[in-house]
Amino acid sequence: MFKSIRGTKDIFQPEIFRWQRLESIVHKVMKNYNFTEIRTPIFEETSLFARGIGNETDIVGKEMYTFKDKSDNSLTLKPEMTAAVVRAFIQHNLGEIRSVNKFYYISPMFRQERPQSGRLRQFHQVGAEIFGVKNYTADGELIILAFDLLEQLNVKNLELHLNSVGCQNCRPNFIKKLVEYFEPIKEKLSLESQHRLNKNPLRILDSKDEKDIEIKQNAPSILDNLCDECKSHYEGLKDFLLKNNISFIENPYLVRGLDYYTKTAFEFTSSDLGAQNAICGGGRYDLLVEQLGGKPTPGVGWACGIERILLASEKYEDPLENRLDVYFVIQRQDYKIKAFQILRELRKNNFTCEMDLLDRSLKAQMREANRLNAKFALILGDEEFQKNSVIVKELVSGHQEEILLDNLLDYLREKINFTNGKN
RNA sequence: GUGAGCGUAGCUCAGCUGGUAGAGCGCCAGAUUGUGGCUCUGGUGGUCGUGGGUUCGAUCCCCAUCGCUCACCCCA
């Protein structure tokens with residue numbers, strides 16, 4: 001039997017109702033914040049990600065779905081979205097059209113990791129990016145946007161971790177200090193961190209290894225080593241957040257796994273998730289646009305994992321039910337055509353309707369109406385067929401009355417509008 | 001990539017240290033002479049993940065493989 005590829009999932013009812021609701025909330029919130037949607041292709045030239053995310057990162061080094069097409073071009077299924085959005089930004093000269101560009105996206109991403117709770121090989125992210133704003137206001141707006149969005153999506157027990165990873169002026173000095181601190185005691189570090197000491201010393205700070213955690217307690221903090229510009233940016237952002245009632249935890253160990261970040265780095269975690277507790281991550285990338293061949297343009301952004309949002313919010317949400325307004329029941333198959341014509345009219349008038357497609361007995365049709373939790377069963381029997389009427393039965397109460405077809409629409413409108421304000 | 005646990009009907013699971021499988025729910029139908037839910041009755045449904053091996057005989061033991069789950073790693 002064919003099966004979906006490891007780490008990929010089919011999404012259908014009832015799960016799909018949660019996805020659809022999430023997507024509509026995202027579109028609504030983004031509209032209110034005046035972000036516009038951007039959709040980019042599912043794959044890009046491999047070198048876009050290699051240069052954008054960084055060759056030394058795990059994502060590029062070992063997790064990408066990379067393949068050659070028939071023309072021998074190396075292509076890669078996007079493992080994250082920022083590099084792709086930046087590519088589009090540059091390609092279409094979007095920075096020339098307006099000085100500030102605010103984009104959001106909902107898109108699948110692909111990384112070949114071992115699946116576990118909250119981690120798939122094809123997963124989905126909703127994300128937002130702002131181009132063209134150097135000051136902390138953009139960072140602030142994005143963080144507040146993420147906060148409000150997650151709240152609307154019923155994600156609770158959130159923690160916001162905040163850090164600054166400095167810029168090209170102050171980070172090299174800090175890394176030097178860091179190496180000077182760790183080098184003499186490197187035997188005490190975990191094997192992986194010893195390896196990182198050469199390649200990417202910052203990531204030692206991020207380690208969860210017990211030995212590393214102890215050693216890094218006394219390591220120099222990036223926050224004490226920021227240049228004036230980074231420092232005032234960071235202080236400005238903190239103040240901005242506090243005055244907007246966003247609480248956060250200063251976490252000088254927060255180092256994100258993508259190389260392009262400068263200054264602000266942040267992460268929302270939720271205790272309603274398993275080990276993979278990061279639900280949203282992002283930061284500033286002031287050098288990326290230039291690095292990928294565009295005019296120097298500051299940028300900030302974040303991405304949230306949709307599967308993780310759904311996982312974290314599940315227990316706070318009532319199960320969605322897919323209620324039917326009308327289930328049409330006929331006594332004999334001769335009435336099928338007439339029933340379908342009536343049904344079509346009701347559907348055109350925005351009622352959710354269904355009828356039996358299997359030529360089943362009246363009894364079976366009633367059972368189905370009940371199973372589908374229809375508000376009304378419309379019953380067309382011999383008598384009603386003659387009189388051009390139909391029985392309208394409210395399933396919850398069992399109450400029923402005979403209604404002339406000419407009056408059916410008005411009757412249902414009144415009944416159903418009364419119960420749920422639809423139409 | 002590493003580790004642990006688990007793969008038996010559509011779903012949730014049982015199967016007593018080897019004799020080719022069961023329950024509940026679901027689904028279908030009947031009891032009901034045009035009308036669902038409750039109840040009762042009957043029925044449908046599984047090459048026991050896959051491939052080897054041991055054995056007279058394997059869902060059960062052994063090996064391999066694939067998959068699922070969780071954790072490490074990394075990240076959303």
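Letters go in sequence order (proteins before strands), and every chain restarts at 1. Remember, it's a predicted structure, so these values are computed and weren't measured experimentally.
- Using a cut-off of 4.0 Å between Lys/Arg side-chain N and Asp/Glu carboxylate O, Asp356(A) and Lys336(A) are scored as not salt-bridged.
- Between the side chain of Glu384(A) and the base of rG34(B) there is at least one donor-acceptor pair of N/O atoms closer than 3.5 Å.
- Side-chain N/O atoms of Lys363(A) include none lying less than 4.0 angstrom from OP1 or OP2 on rU33(B).
- For rU35(B), its base sits under 3.5 Å from the side chain of Gln400(A) at one donor and acceptor pair at least.
- Here the side chain of Arg308(A) is nearest to one of rC72(B), rU35(B), rC75(B), namely rC75(B).
- Phosphate contact (OP1/OP2 of rC68(B), side-chain N/O of Arg6(A), threshold under 4.0 Å): present.
- Remark: rU17(B) base-pairs with no nucleotide in the shown strands. Criterion, Watson-Crick or G-U wobble with two distances under 3.5 Å.
- Between the C1' atoms of rA9(B) and rG49(B), the separation comes to 14 Å (whole Å).
- One donor-acceptor pair, N or O on each side, does fall under 3.5 Å between the base of rC73(B) and the side chain of Arg119(A).
- Remark: Lys338(A) is positioned above the aromatic ring of Phe385(A), its terminal NZ or CZ atom under 6.0 angstrom from the ring centre and at most 45 degrees off the axis.
- When the options Arg111(A), Arg114(A), Glu307(A) are evaluated for a side-chain contact (heavy atoms from CB on, under 4.5 Å) with Arg119(A), the one that passes is Arg114(A).
- Side-chain proximity of Lys393(A) to rC28(B), rG36(B), rC75(B): nearest is rG36(B).
- Within the structure, a side-chain polar atom (N or O) of Arg367(A) is placed less than 4.0 Å from OP1 or OP2 of rA29(B).
- With both ends at atom P, the span from rC73(B) to rC66(B) equals 25 Å, rounded to whole Å.
- The base of rC73(B) is paired with the side chain of Gln116(A) by a donor and an acceptor separated by under 3.5 Å.
- In this model, the phosphate group of rG1(B) is not approached by any side-chain N or O of Arg111(A) to a distance below 4.0 Å at OP1 or OP2.
- Remark: Arg371(A) is in phosphate contact with rC27(B), judged by side-chain N or O atoms under 4.0 Å from OP1 or OP2.
- The base of rG36(B) sits within donor-acceptor range of the side chain of Asn370(A), with an N or O pair under 3.5 Å.
- When the P atom is compared between rG43(B) and rG7(B), the two are found 30 Å apart, to the nearest whole Å.
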